[in-house]
Amino acid sequence: MGEGGVKTEKKKQHFDDIYVAETPVPFKERILDELEYISDRFNRAEFDRLILPWARRQAEEGRVLNFVDLAACFGNTTMATLYGMDYEAIRQNWRDEEACGSINGKRRFPARATGIDISSSAMAYGRKVGLFDETVVADLNVPAAEEERAVDKALSEADIVISTAALVYLEPETVRKVVDTFAGGQGEGYMLVNFLNPFGLEKADATKRTLLDSLDFVGSRATRHRRLSPLEQENYPGEEWSLLEIWVLRRAGE
Ligand SMILES: C[S@@+](CC[C@H](N)C(=O)[O-])C[C@H]1O[C@@H](n2cnc3c(N)ncnc32)[C@H](O)[C@@H]1O
């Protein structure tokens, strides 16, 4: 367990100090740059392939979609999916303390965006720069009653939930609750999640089974995620990259 309740699998590098920094600049320098954290390139591509056409059709019908980024950190994957920004554009936007003070992009469809994370500073940043219209600060594994109500409301009312490089931090029963709450919501809805390799494969298997119990599988792709840190290269000899499986699931909502 690292600082502030973030639980990291022991063979995986922990980044807790970066998640609780005041701005996303350390995230950009030490994760996006140093580790070539390119996963949003692919999160965006999969979102564009399997969710964006549907979201645009909803927009044509005048709908404003409820978009939730679960364990959002500073909102990099919201920038990739809701704003359509690529890896380079996110790095450029977060290049220094001044540049990160506003978002250099526009939402691609009308949405009410909610960010949820244990990091109060990341949520304050997301709110301040307008990435998120609402935020919930909560330890998803042990939320206080009021936080739990806010998380449940956001998830059950969500049309789109993204949760990337994040489910790995959640206990199996938390994953079950998150998935069931979203699945119990009304109307068609989509969830984009991803699984990191080579970390915690048994836990990822259990998460996949939980997702498939309550949601329909739509599609997936395998990609690079980021370079392994020196510590991880010692733990996984011969490996240089962490790989990603990106999955999209659907709530039929009939
Ligand atoms: C790697 S970041 C995810 C950022 C982004 N989604 C991505 O794919 O790059 C993981 C986030 O999970 C959050 N987190 C970890 N444990 C959590 C918990 N128990 N409850 C809520 N958020 C948690 C961390 O604070 C961090 O912001």
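Counting starts at 1 for both ligands and their atoms, following the listed order.
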- Query: Do you reckon Leu231 sits in the same ILVMFWY cluster as Tyr37, going by side-chain contacts under 4.5 Å, direct or chained?
  - Reply: no
- Residues Arg176 and Glu173 bridged, charged N to O under 4.0 Å: no
- Query: By side chain to side chain contact (heavy atoms under 4.5 Å, CB included), which residues pair with Thr135, not counting sequence neighbours?
  - Reply: Met123, Arg127, Phe132
- Using side chain to side chain contact (heavy atoms under 4.5 Å, CB included) as the criterion, list what pairs up with Ala99, not counting sequence neighbours. Arg95, Asp96
- From the options Glu36, Glu34, Glu232, select the one residue that forms a salt bridge (charged side-chain N to carboxylate O under 4.0 Å, His left out) with Arg227. Glu36
- Taking only heavy atoms of the protein into account, state which residues are under 4.0 angstrom from an atom of ligand 1, in chain and number order. Val6, Tyr19, Tyr37, Ala71, Ala72, Cys73, Asn76, Thr77, Asp117, Ile118, Ala138, Asp139, Leu140, Asn141, Thr164, Ala165, Tyr169
Under 3.5 Å, side-chain donor or acceptor atoms of residues 233-244 against the rest of the protein: list the pairs with distances, not counting sequence neighbours.
| unit_1 | atom_1 | unit_2 | atom_2 | d |
| --- | --- | --- | --- | --- |
| Gln233 | NE2 | Leu228 | O | 3.2 |
| Asn235 | ND2 | Lys11 | O | 3.0 |
| Ser242 | OG | Asn197 | O | 2.9 |

